[in-house]
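In what follows, a single structure is set out as structure tokens and then discussed.
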Amino acid sequence: AQTVTQSQPEMSVQEAETVTLSCTYDTSESDYYLFWYKQPPSRQMILVIRQEAYKQQNATENRFSVNFQKAAKSFSLKISDSQLGDAAMYFCAYKRGAQKLVFGQGTRLTINP
Amino acid sequence: GAVVSQHPSWVICKSGTSVKIECRSLDFQATTMFWYRQFPKQSLMLMATSNEGSKATYEQGVEKDKFLINHASLTLSTLTVTSAHPEDSSFYICSARVVRINEKLFFGSGTQLSVL
């Protein structure tokens, strides 16, 4: 079964600085999707960024980018120029085709002003 | 973007009563909807997968007679917590998959259930 591991329960960063959240996963498949979701205090799940496994190029969305290392099964999220509104729980997730979304344990990110 | 409406946002009920939570896809058809449960400071745990017009598939350890799921149309799935007990108190979230776009999932805003 696929598993997703986030080894950092909590992270903190100074406002305007850069932070990287780690995620590793386990799968025997070659075609799948990886995601980072943000869950702010409102608890609404918000898609931050998505990566297709068949694409070598790392996905980027404004201040958010990923470092996708397929052979190492690693999928880290880099947040540049951190803002107070980035404070939230961040979940890494794996999905293959129409199958269920498998979430990691989450990382709580705190932004220090 | 696609919108998933989940209602109610929060509900308080007495032990032994049943509670129904609705999940609607407002501007798209969802062949599949997923129901998650989330305890405080924990990750989302998939409870069941519901496909329109067929019986839901429950994850191991989830009581299907306690958590009744109905997906009668391409835009509506419901989760009914039957004979609720305090240990059923939790945050429940639904998500919907867009037809023919497998990798896109959209989440509802969640329902906080408190059983007294």
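Computed from heavy atoms alone, side chains included, the values below leave out hydrogens, waters and symmetry copies. Letters A, B, ... mirror the listed sequences (proteins, then strands); counts begin at 1.
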Quick one: CG on B:Leu105 to OH on A:Tyr37, what's the gap to the nearest 0.5 Å? 5.0 Å

Does A:Ile79 share a hydrophobic cluster with A:Met89, counting links as ILVMFWY side-chain heavy atoms below 4.5 Å and allowing steps through other members? no

Same apolar cluster (I L V M F W Y, side chains within < 4.5 Å links), A:Ile49/A:Tyr54: no

In terms of heavy-atom contacts, A:Phe91 and B:Gln42 come closest through CZ-O, 3.9 Å

Going by heavy atoms in the side chains, are B:Phe34 and A:Leu101 under 4.5 Å from each other? no

Do B:Ile69 and B:Phe106 sit in one hydrophobic cluster, given that two such residues count as connected whenever their side-chain heavy atoms are within less than 4.5 Å of each other, even indirectly? no

Might you confirm whether atom NE2 of B:His7 has over 12 heavy atoms from other residues, nucleotides or ligands at distances under 6.0 Å? no

Starting from B:Val11, can I reach B:Ile93 by hopping between I/L/V/M/F/W/Y residues whose side chains sit under 4.5 Å apart? no

Within residues 103-113 of chain A, which residues come under 4.5 Å of chain B, heavy atom to heavy atom? A:Phe103, A:Gly104, A:Gln105, A:Arg108

Using non-hydrogen atoms and a 4.5 Å limit, figure out which bit of B:Ser109 sits close to chain A: side chain, backbone, both or neither. both

Could you please state which residues from residues 53-60 of chain B sit under 4.5 angstrom from chain A, measuring non-hydrogen atom to non-hydrogen atom, sorted by number, or 'none'? B:Glu59

So A:Arg43 and B:Gln38, side chain to side chain donor-acceptor pair (under 3.5 Å) or not? Walk me through it. CA-CA 10 Å; A:Arg43 295 191 287 185; B:Gln38 185 179 30; 5.9 Å; no

Kindly check if the number of other-residue, nucleotide or ligand heavy atoms within 6.0 Å of CD (B:Glu87) is above 12? yes

What's the spacing between A:Lys100 NZ and B:Arg97 CZ if we round to 0.5 Å? 15.0 Å

Just wondering, more than 12 heavy atoms not from A:Lys78 lying within 6.0 Å of its NZ? no

Measure B:Leu46 against the heavy atoms of chain A and call it side chain, backbone, both or neither at under 4.5 Å. side chain

Got a second to check how far A:Gln39's CD is from B:Phe91's CZ, nearest 0.5 Å? 6.5 Å

Taking salt bridge (Lys or Arg N to Asp or Glu O under 4.0 Å) as the test, write out the residues that go with A:Glu15, two or more places apart. none

What part of B:Gln6 is in contact with chain A, defined as an atom under 4.5 angstrom from a non-hydrogen atom: side chain, backbone, both or neither? neither

Could you state whether A:Tyr32 and A:Val102 fall into the same hydrophobic cluster, counting links through intermediate Ile, Leu, Val, Met, Phe, Trp or Tyr residues with side-chain heavy atoms under 4.5 angstrom apart? yes

So which bits of residues 2-12 of chain A come within less than 4.5 Å of chain B, counting non-hydrogen atoms only? none

Answer yes or no: does atom NZ of B:Lys20 have more than 12 heavy-atom neighbours from other residues, nucleotides or ligands under 6.0 Å? no

